[in-house]
Structures are given as structure tokens and as C-alpha cells.
Student: 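Have a look at this one before I ask anything.
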Amino acid sequence: MSLQLTGIHHLTAITANAPENLRFYTKVLGLRLVKKTVNQDDTSAYHLFYADGKATPGSDLTFFDWPVGPEGRGTHSISRTGLRVGGAQSVEWWKRRFDELEVSSGEIGEIDGRMSLDFEDGEGQRFRLVDDGGLTPSHPWERSPVTAEHQIRGLGPITISVPDITNTALVLTHVMNMREVRHYPSPDGNGKVHVFSMGEGGAGAELHVAVQPGLPIARQGAGAVHHVAFRAPDVDHLHQWTERLKAFHLPSSGEVERFYFRSLYFREPNGILFEIATDGPGFAVDEPLESLGESLSLPPFLEPKRAQIEARLKPLE
């Protein structure tokens, strides 16, 4: 059996308004704030992690809080983030909720054979609620404002936009061992979307590649996605991925210790930042599962600087 990624691990995006970001993702989307920490490379910025009730790998949506202007949309980018729910009734429930709360959303429709609903957060980040057919386990958060049956179960599929798929497809299939399984017309009428599957497949283990040569080059900013991470079960598998990238002469960051997981970063041929991250040790490594996200967590190497870091952070509430 070849080396396999098992699905989407997390997705990291950019916000310029951390308090409003916290309100939207916890109060509107009903996700759990599972880790309140800082960007390890820029400790003046929050790094907020939202997930399901148990902080399961694959449910994790994270944000860097940077004082930037809005994203310039275009290609060479991660263009839409899928969020899985457990059935068609849940998609319909969310449409009613978005209408009541005046969240920008489209109409329910079938995309790539799944009932779907596109929506945006207040900064214009693009999402798609997807009915995963109840095929994945659910780990609801009991303090969510969203009832357990309708809570978001996790990430996927993730859509990227590229002007030319040739070299990207080579990396996805030959280096990352994904399988190209089908394609469908882009819902916005702009190009064709190729579906690449990993591991056991399903909505939480798909990368959708939209080929859109007519778009301008995207510019990162608030509402943009910074990178997408894929799951490696453990450190041994991550070591194998590190060696595999070297064997294919793909430049990478080398392995980076993120404390909650270990990571490897590289760019695919169209410049989109990919990460491979381990499932463990997870977010309960430094605070109890029942009180995740309630206070500022810092990895051990930043703990001696806690006073200076806390003094520079803006209040979230």
C-alpha cells in the first residue's frame, strides 16, 4: 500500500477583526473555540482554532488575526471551503438560519452530486455547506447554539483555483498519491473542476481543483485562505512524507513542531501553500478537553514570554 494522506486536517484563513470572527464562528456557525493562542511566527497576532466538540482532526478551521485589507479574489488560491453537515434537512435548516441572521448565502442546489449551500462570512470568505450523507461520525459540542443534529461535522471538500492544472495534477497524483476520480462544471460557469480523492475518500478527503485561466491572480487579505493542511496519522508517516518531497526535489519547510501537531509545508506548482500535519498529539495536550479555548494557550517555547505577549493582544470579547 502506498503512502496515503487520510483527508483534510485543517484550513487556516485570515481575519482582520478577531472579536467579530469569534462571534461569527461560535455564535452563528456554532463551532467550538478549541484553542486561543498566537501565531508562532508573529506573536502579536491571535491564532484562533474552531472545531467540533472533541477538537477532532479534520474539523479544524483556524484564523490568523492580521491588520490587512480585504482579499483580492482570483486564481492561484484556495477559493472555497467545504463544511460538512449530516443530511439534506440540515442544509435546509442552515438556509433558514442564514436568512434569519442575514448571513450572505446563495440557493440550495446540487453540486458534484451533493446537496450544497454557498455562503460567506462577514469578511467575504467563501464557504459551501455540503450534505455528506451522514457518512462521517459526529462529535457535537453540547454548549453550541446549534442543535446537535445540525452541527457542522468537519471540513471538506476544499476547492482551489489554478490557471493550469498540468503540474498541479502531477504533484497531487504522483507525489501526494491522490486519485483523480471525476470532474464537473464549475458552479459559477467559470471552467471545470477536477476532483482528487485521498485515503478512503468521501467529502472530508477531497481536494477540488477548478481550472480558471481567465481570472486575475488572487491577493491575500482578510477573507482569504492562507493554507490547507492534509492529515498524516503520526510522526512516522510525516517523516516518510518529508523524505518523499526530497526524493521529488520539491522544496519544503522541513518538519516544524507546532506543539499540537507536527507539520511540513510546501507549495504546489501554482504557488498555493500546502501543509501535511499529524493527527496528534491534539489540542488537549496542554489543557483539559472540557475547558479547551477558555484561556490563552502558549506552546512551551513561548511560555517565558507570556506577560509580553498578553500585553500586546487586543481583547477578544
Side-chain angles (χ1 to χ4, degrees), residues 1-13 49-52 55-63 76-84 128 130 132 136 153-162 165 167-181 193-210 225-248 250-258 260-283:
M1 179 79 177
S2 62
L3 185 63
Q4 288 287 311
L5 300 162
T6 57
I8 307 296
H9 185 283
H10 69 267
L11 181 126
T12 296
F49 292 76
Y50 306 101
D52 66 10
T56 316
S59 70
D60 186 16
L61 189 56
T62 96
F63 287 87
H76 296 278
S77 70
I78 299 167
S79 55
R80 195 171 291 274
T81 302
L83 299 173
R84 292 177 281 113
R128 176 169 295 146
V130 173
D132 76 354
T136 51
R153 291 167 171 241
L155 292 164
I158 305 300
T159 303
I160 67 173
S161 172
V162 300
I165 196 174
N167 292 329
T168 295
L170 283 172
V171 167
L172 296 180
T173 55
H174 287 63
V175 182
M176 300 175 73
N177 288 332
M178 295 187 193
R179 310 172 298 281
E180 184 170 358
V181 291
V193 184
H194 300 252
V195 177
F196 293 83
S197 182
M198 61 200 106
E200 295 180 0
E206 287 177 2
L207 184 70
H208 291 201
V209 183
V225 175
H226 188 267
H227 65 269
V228 60
F230 305 99
R231 293 174 66 179
D234 51 41
V235 171
D236 286 344
H237 282 84
L238 192 69
H239 294 338
Q240 292 179 59
W241 283 110
T242 304
E243 293 307 312
R244 189 166 175 83
L245 293 187
K246 283 182 191 167
F248 280 93
L250 263 181
S252 81
S253 62
E255 292 179 26
V256 181
E257 181 55 68
R258 293 302 189 197
Y260 309 112
F261 40 83
R262 194 169 176 86
S263 297
L264 174 68
Y265 300 86
F266 62 101
R267 291 189 185 275
E268 59 77 48
N270 280 289
I272 296 166
L273 186 60
F274 283 175
E275 174 183 353
I276 298 174
T278 59
D279 279 356
F283 295 111

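All figures in this text were calculated on a predicted structure; none of them were measured in a lab. Residues take their numbers from the sequence shown, with the count starting at 1.
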Student: With no hydrogens and no angle check, is any side-chain donor or acceptor of Ser59 less than 3.5 Å from a backbone partner on Ala55?
Tutor: no

Student: Among Phe274, Phe261, Phe230, which one satisfies ring-ring contact (aromatic ring centres under 6.0 Å, His included) with His9?
Tutor: Phe261

Student: With no hydrogens and no angle check, do the side chains of Glu255 and Thr242 hold a donor and an acceptor under 3.5 Å apart?
Tutor: yes

Student: Leu83 versus Arg128: any side-chain heavy-atom pair under 4.5 Å?
Tutor: no

Student: Do the ring centers of Phe196 and His208 come within less than 6.0 Å of each other?
Tutor: no

Student: Looking at every non-hydrogen atom in both residues, tell me the closest pair between Val228 and Ile78 and how far apart they are.
Tutor: N-CD1, 3.6 Å

Student: Just do the side-chain contact (heavy atoms from CB on, under 4.5 Å) check on Ile160 and Leu207 with the steps written out, would you?
Tutor: CA-CA 8 Å; Ile160 67 173; Leu207 184 70; 4.0 Å; yes

Student: Give a yes or no answer on whether the side chain of Glu268 reaches the backbone of Gly271 with a donor-acceptor pair at less than 3.5 Å.
Tutor: yes

Student: First locate atom CD of Glu275, then atom NE2 of His227, and finally report the distance between them rounded to the nearest 0.5 Å.
Tutor: 4.0 Å

Student: Can you name the nearest heavy-atom pair linking Ser252 to Leu245, along with the distance?
Tutor: CB-CD1, 3.9 Å

Student: Within the distance-only criterion (no hydrogens, no angle test), does the side chain of Thr62 pair as donor or acceptor with the backbone N or O of Phe49 below 3.5 angstrom?
Tutor: no

Student: Do you know the tightest heavy-atom contact between Ala210 and Thr159?
Tutor: CB-CG2, 4.3 Å

Student: Should Asn177 and Leu5 be marked as a side-chain contact (heavy atoms from CB on, under 4.5 Å) after you check the CA-CA gap, both sets of side-chain angles, and the distance that decides it?
Tutor: CA-CA 8 Å; Asn177 288 332; Leu5 300 162; over 6 Å; no

Student: As a quick check of understanding, evaluate side-chain contact (heavy atoms from CB on, under 4.5 Å) for Leu273 and His226, giving each step before the final call.
Tutor: CA-CA 7 Å; Leu273 186 60; His226 188 267; 3.7 Å; yes

Student: Could you pull out the closest heavy-atom pair between Thr168 and Val162, with the gap in Å?
Tutor: OG1-CG1, 4.1 Å

Student: Got a donor-acceptor contact below 3.5 angstrom from the Thr81 side chain to the Ile158 backbone?
Tutor: no

Student: Who pairs with Asp234 by side-chain hydrogen bond (donor to acceptor under 3.5 Å, both in side chains), at least two apart in sequence or on another chain?
Tutor: His237

Student: Working to the nearest 0.5 Å, report the span between OG1 of Thr12 and CG of Asp60.
Tutor: 7.5 Å

Student: Does a donor on one side chain and an acceptor on the other come within less than 3.5 Å for Arg179 and Ser197?
Tutor: yes

Student: Without swapping roles, check the side chain of Arg244 against the backbone of Val175 for a donor-acceptor pair under 3.5 Å.
Tutor: yes

Student: Say whether, by atom type as modelled, one donor and one acceptor occur between the side chain of His10 and the main chain of Gly58 under 3.5 angstrom.
Tutor: no

Student: For residues Arg267 and Leu250, report the shortest heavy-atom separation together with the two atoms involved.
Tutor: O-CD2, 4.4 Å

Student: Give the intermediate values and the outcome of side-chain contact (heavy atoms from CB on, under 4.5 Å) for residues Leu172 and Val209.
Tutor: CA-CA 10 Å; Leu172 296 180; Val209 183; 3.8 Å; yes

Student: Parallel, tilted or perpendicular for Phe283 and Tyr260, by the 30°/60° rule?
Tutor: tilted

Student: To the nearest 0.5 angstrom, please state how far the CG atom of Asp279 sits from the OG1 atom of Thr6.
Tutor: 5.5 Å

Student: Distance alone, cut at 3.5 Å: any donor-acceptor contact between the side chains of Gln4 and Ser2?
Tutor: yes

Student: When you check the side-chain N and O atoms of Ser161 and Ser77, is any donor under 3.5 Å from an acceptor?
Tutor: no

Student: Minimum heavy-atom separation for Tyr265 and Arg258, please, with both atom names.
Tutor: OH-NE, 3.0 Å

Student: Give, for atom CE of Met176 and atom CG of Leu170, the distance between the pair rounded to the nearest 0.5 Å.
Tutor: 13.0 Å

Student: Do Met198 and Ile8 touch side chain to side chain, with heavy atoms closer than 4.5 Å?
Tutor: yes

Student: Using side chain to side chain contact (heavy atoms under 4.5 Å, CB included) as the criterion, list what pairs up with Thr136, not counting sequence neighbours.
Tutor: Arg84, Asp132, Arg153

